[in-house]
Amino acid sequence: MLESWSSSSWDVHLDWHPDTGRPGLADALRRAIRERRLRPGTALPSTRALAKDLGIARGTVTRVYADLAAEGYLLTSQGAPTRVAADGTAPAVPAREHPRTTTRSRDARWNLSPGRPDLSSFPRAAWLSAARRVLLEAPPGVFDYGDPRGPAVLREALARYLARSRGVVTDPERVVVCGGFNHALAVLAKLLREDGELAFEDPSLPEFRATAAGNGLSVTGVPVDEQGIVVSELDSPAVVVTPAHQFPLGYTLAPARRTALARWAGKNGGLVIEDDYDGEFRFDRRPVGAVQALAPERTIYVGSVSKTLAPSLRIGWIVPPRSLVEPVRAALATTGWRAPSMDHLILAEMLTSGSYDRHVRQRRLAYRKRRDRLLAALPESVTPLGISAGLHVVLLLPDGVLEEAAFAAASRESIALDRLGRYWIRPGERPQGMVVGFATPAEHAFGPATAALARSLRAITR
């Protein structure tokens, strides 16, 4: 017998048979979300209501909801109903990296969605100048199918740049060029299938967890505190970390935790996937080097130009341990990936000429000024987190103010931003907060967008 549920005066057909138990119920919900019978944003029944409708234990439903939240299908938030995620399709290889915008971002007047740079600041003149030099000097062979790892000239430039700016232990033979972090994660998931499990920081980006789950991995969460990921809680063969600027909470991995993470990888044969998110944009002190340098043969370092230049370029890089260079290259080849040589050569020219460094320094100064303007405009009732680096800030709401209310107030001001609640993996009582991308607006729009945000916050925190 196939079961449906009836809740809040509407029915959903689940294609679920009671004999299949909890795994079958989870699969039925995944199908309903993938097939859009449960559309993004849909509020699911409470665990109590669904258990009663289906005639099963409430604990079974609670575990199913927790599993699907970890995989990125559902969003959970204390005091609010469980909802279908904005992108609950769990694609095998999602098309975009860091798609952190809300469903309202295209229609909103003021876009403060996290995870994007100011696209109007793209260095057009520097890119055009580098493109001209490449086209004038490149031999005809660059228009042929190239090395799937990326052009040698780019790998050489990246090896120099990463060693100099991020302290990465590498050489050109260890660099594999890819299409960004999400592409890298999909490729690496192929290597990790035998292990079967991948840990993520809790909280972390649900779209990345969906990529891992969609490629056959079981996803688990590891708690984060003010010193970064709690290494003592790690119990997985591999873990994804954002040590330079934890996303979304913004903490920097403390020195003792960095050492503990490297020790964990060496002692347990674990693998660390380092997403060097926001590594270039530290404002209040000298940049913190990559964790990879502490355990280069147990760490896979991943970076991209999505925040420094533009996400549409789809240029990223993987620096694996020497033993994994060939497996990474082989896994990359199975995706049908072919490096876009012209854009890669242009980036190599910018890295070599110094124009890339100049652009990053300019943006670092500009984004620091924006951060300061945003903090000055905020009401005292909210608490900002993660302000020492990066392109976003978390605003913790005062006691008694729920994310739903803050999001509704922002919507009334036509602001696109994000709720902290959608990033948690494990259910439980969580702080209420909003994730604000202060780098996203063009310069002329930043002031009005900040003023609108401040108004929306004052309206709910008086």
Side-chain angles (χ1 to χ4, degrees), residues 23 26-27 29-31 33-34 63-76 84-100 115 176 178-224 229 233-243 246-248 261 264-265 270-277 298-304 306 316 318 320 324 327-328 330-332 334-335 337 422-427:
D27 286 340
L29 280 167
R30 289 189 194 96
R31 287 196 301 273
I33 294 171
R34 285 171 174 159
R63 292 189 65 184
V64 168
Y65 278 15
D67 289 345
L68 295 186
E71 295 173 14
Y73 286 94
L74 301 179
L75 305 177
T76 59
V84 177
D87 182 6
T89 56
V93 186
R96 295 184 298 158
E97 180 185 1
H98 286 233
R100 298 190 182 110
V176 179
C178 64
F181 184 80
N182 220 3
H183 183 212
L185 189 58
V187 170
L188 296 175
K190 298 178 183 297
L191 304 183
L192 299 173
R193 280 179 182 167
E194 188 172 324
D195 294 326
E197 184 177 291
L198 181 60
F200 285 80
E201 297 164 327
D202 187 11
S204 57
L205 193 69
E207 286 84 353
F208 288 169
R209 304 197 301 261
T211 294
N215 281 277
L217 295 178
S218 173
V219 171
T220 61
V222 183
V224 170
I229 189 169
E233 297 289 326
L234 263 173
D235 188 25
S236 297
V239 60
V240 177
V241 295
T242 51
Q246 200 279 330
F247 189 87
L261 184 61
W264 167 85
L271 195 61
V272 176
I273 300 174
E274 180 177 7
D275 178 4
D276 198 21
Y277 180 79
R298 301 303 314 166
T299 304
I300 301 177
Y301 176 90
V302 185
S304 80
S306 293
I318 307 170
L324 293 181
V328 167
L332 188 67
T334 66
T335 68
W337 166 258
R422 87 179 190 94
Y423 296 95
W424 299 105
I425 298 177
R426 297 165 300 165

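The figures that follow rest on heavy atoms only: side chains count, while hydrogens, waters and symmetry mates do not. Everything numeric in this text was worked out from a predicted model, so none of it was measured. Just so you know, residue 1 is the first one in the sequence shown, and it goes up from there.
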Please report the closest heavy-atom contact between Gly72 and Ala85, naming both atoms and the distance.
-> O-CB, 3.2 Å
Between Phe247 and Tyr277, what is the ring plane arrangement, given parallel below 30°, perpendicular above 60°, and tilted in between?
-> perpendicular
Could you check whether the rings of His183 and Trp337 sit parallel, tilted or perpendicular, using 30° and 60° as the cut-offs?
-> tilted
Could you state the interatomic distance from OH (Tyr423) to CG (Leu75), rounded to the nearest 0.5 Å?
-> 10.0 Å
First locate atom CG of Leu198, then atom CG of Asn215, and finally report the distance between them rounded to the nearest 0.5 Å.
-> 10.5 Å
For Tyr73, the option from Arg209, Arg30, Arg34 that meets side-chain hydrogen bond (donor to acceptor under 3.5 Å, both in side chains) | Arg34
Less than 4.5 Å apart, side chain to side chain, heavy atoms only: is that true for [X] and [Y]?
X      : Y      : result
Val240 : Glu201 : no
Leu271 : Leu191 : no
Ile273 : Leu192 : yes

Arg63, CZ: over 12 other non-hydrogen atoms inside 6.0 angstrom | no
Verdict with supporting geometry, Leu234 and Val241, side-chain contact (heavy atoms from CB on, under 4.5 Å) | CA-CA 12 Å; Leu234 263 173; Val241 295; over 6 Å; no
Applying side-chain contact (heavy atoms from CB on, under 4.5 Å) between Asp202 and each of Ile425, Val222, Val224, Thr220, report the one that passes.
-> Ile425
Indicate whether the side chain of Glu274 and that of Thr299 have a donor and an acceptor atom separated by less than 3.5 Å.
-> no
Quick check: does any side chain N or O of Thr211 sit under 3.5 Å from a backbone N or O of Glu207, one acting as donor and the other as acceptor?
-> yes
Expected output: side-chain Arg298 to main-chain Gly270 donor-acceptor under 3.5 Å = yes
